[in-house]
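All figures in this text were calculated on a predicted structure; none of them were measured in a lab. Just so it is clear, the values below take in all heavy atoms, side chains as well, and ignore hydrogens, waters and symmetry mates. Count residues from 1 along the sequence.
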Amino acid sequence: MLYRYFTLYADEKLLSEIEELCLSEGFYNFFSEEIDSKLWRVKVYLESTEELPAFLRRYSFEFGGEELEAKWWKKFKDSLKPFMLTPNTKLIPLEEPVRITDEGSMGIIPGRAFGTGQHETTKLAALFLERYLKTGAMVLDVGAGTGILSALAIKKGASKAVALDIDKAAIEKCRETAWINNVSIDARVSDFLSALEPGEHFDIIVSNMIVELLKGFVKETVKHLKPNGVLILSGILTEKFDSFMDTLEDTFSILETEELNEWKAAVLKRR
């Protein structure tokens, strides 16, 4: 298929803003290339009948030309190399499903509509998950996407990981990720926490979502968090962090935070 592409050059702040918008709108046909330490080239790919999404029209995207899907998708895949998801876990992009049993490695097949694990927010969530996970823990992953965090939890000693996502395709991707990493994930289609039973409680609840989505359910997690459990939140732009945490101060207290470029994550405990 022939795609049209539109190009924009952005600094780090603008890149983060565009990424956040695309992710919040469920739009994934974009690709960024680092030109130098302060400049990125952002490309948006559209089918011949598609228009530039309304939420991107305020930015100075310019028509760049046409490109075969196979060509730009190959460039995207070729840009994915094994990398350290956390200091203790390497993530390996795969072309086809292959079992990975090594405790220190994980595999994933990149997809257009799913994260690859390279984003700062995924790395922050994974870092805290490894740090707070204890053998035998029960883990809930809200907005699981590929299931990277759920699979990581099981590989690092959790007794059960429940992965929730509103997208049926994401649930299938979770199951694929589970097979690749030789683990079992309880993956459920769910509008936020709707697929949980009242009696289900967890030692760790983790969610990597933008603030606008976290606001819709995060206080309700207290009903499913064990008394000594922790809530790990990532996907929060640093500039929005303080105001968002102010809305939670009557329910949670902050144990610690970490920051990576424009993004921030926190570990919370119920009051």
What are the two closest heavy atoms between Pro53 and Leu46, and how far apart are they?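 Closest pair (atom of Pro53, atom of Leu46, distance): CD-CD2, 4.1 Å.
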Please name all residues satisfying side-chain contact (heavy atoms from CB on, under 4.5 Å) with Ser60, sequence neighbours left out, ordered by chain then number. Leu8
Taking side-chain contact (heavy atoms from CB on, under 4.5 Å) as the test, write out the residues that go with Ala265, two or more places apart.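 Testing Ala265 for side-chain contact (heavy atoms from CB on, under 4.5 Å), a comparison that skips the adjacent residues, returns Leu124, Phe128, Ser234.
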As a test of understanding, state which of Lys269, Arg131, Lys264 forms a salt bridge (charged side-chain N to carboxylate O under 4.0 Å, His left out) with Glu256.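 The passing option is Arg131.
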Quick one: which residue pairs count as a ring-ring contact (aromatic ring centres under 6.0 Å, His included) with a foot in residues 151-184, not counting sequence neighbours? none
Residue pairs involving residues 233-254 (criterion ring-ring contact (aromatic ring centres under 6.0 Å, His included); sequence neighbours excluded): none
Hydrophobic clustering (ILVMFWY, side-chain heavy atoms < 4.5 Å, transitive) - are [Y] and [X] grouped together?
| X | Y | result |
| --- | --- | --- |
| Leu15 | Phe6 | yes |
| Leu233 | Leu225 | yes |
| Ile254 | Ile205 | yes |
| Leu149 | Ile154 | no |

Contact between Val42 and Thr7 at the side-chain level, heavy atoms closer than 4.5 Å - yes or no? no
Table please: side-chain donor-acceptor pairs of residues 188-195 below 3.5 Å, with sequence neighbours left out.
unit_1 : atom_1 : unit_2 : atom_2 : d
Arg188 : NE     : Asp186 : OD1    : 3.2
Arg188 : NE     : Asp186 : OD2    : 3.3
Arg188 : NH1    : Ala195 : O      : 3.1
Arg188 : NH1    : Glu200 : OE1    : 3.0
Arg188 : NH1    : Glu200 : OE2    : 3.4
Arg188 : NH2    : Asp186 : OD2    : 2.8
Arg188 : NH2    : Glu200 : OE2    : 2.8
Ser190 : OG     : Phe192 : O      : 2.8
Ser190 : OG     : Ser194 : N      : 3.2
Ser190 : OG     : Ser194 : OG     : 3.3
Ser190 : OG     : Ala195 : N      : 3.0
Ser194 : OG     : Asp191 : N      : 3.0
Ser194 : OG     : Asp191 : O      : 3.3

Can you confirm whether the side chains of Thr238 and Glu262 place a donor and an acceptor under 3.5 Å from each other? no
Does Lys226 have any salt bridge (charged side-chain N to carboxylate O under 4.0 Å, His left out) partners at least two apart in sequence or in another chain, and if so, which?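 For Lys226 the salt bridge (charged side-chain N to carboxylate O under 4.0 Å, His left out) partners, ignoring immediate neighbours, are Asp203.
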Using a 3.5 Å distance criterion without hydrogens, assess whether the side chain of Lys173 forms a donor-acceptor pair with backbone atoms of Ile109. yes
Please name the residue in the list Asn182, Thr89, Thr101, Ile100 that meets the side chain to side chain contact (heavy atoms under 4.5 Å, CB included) test with Lys155. Ile100
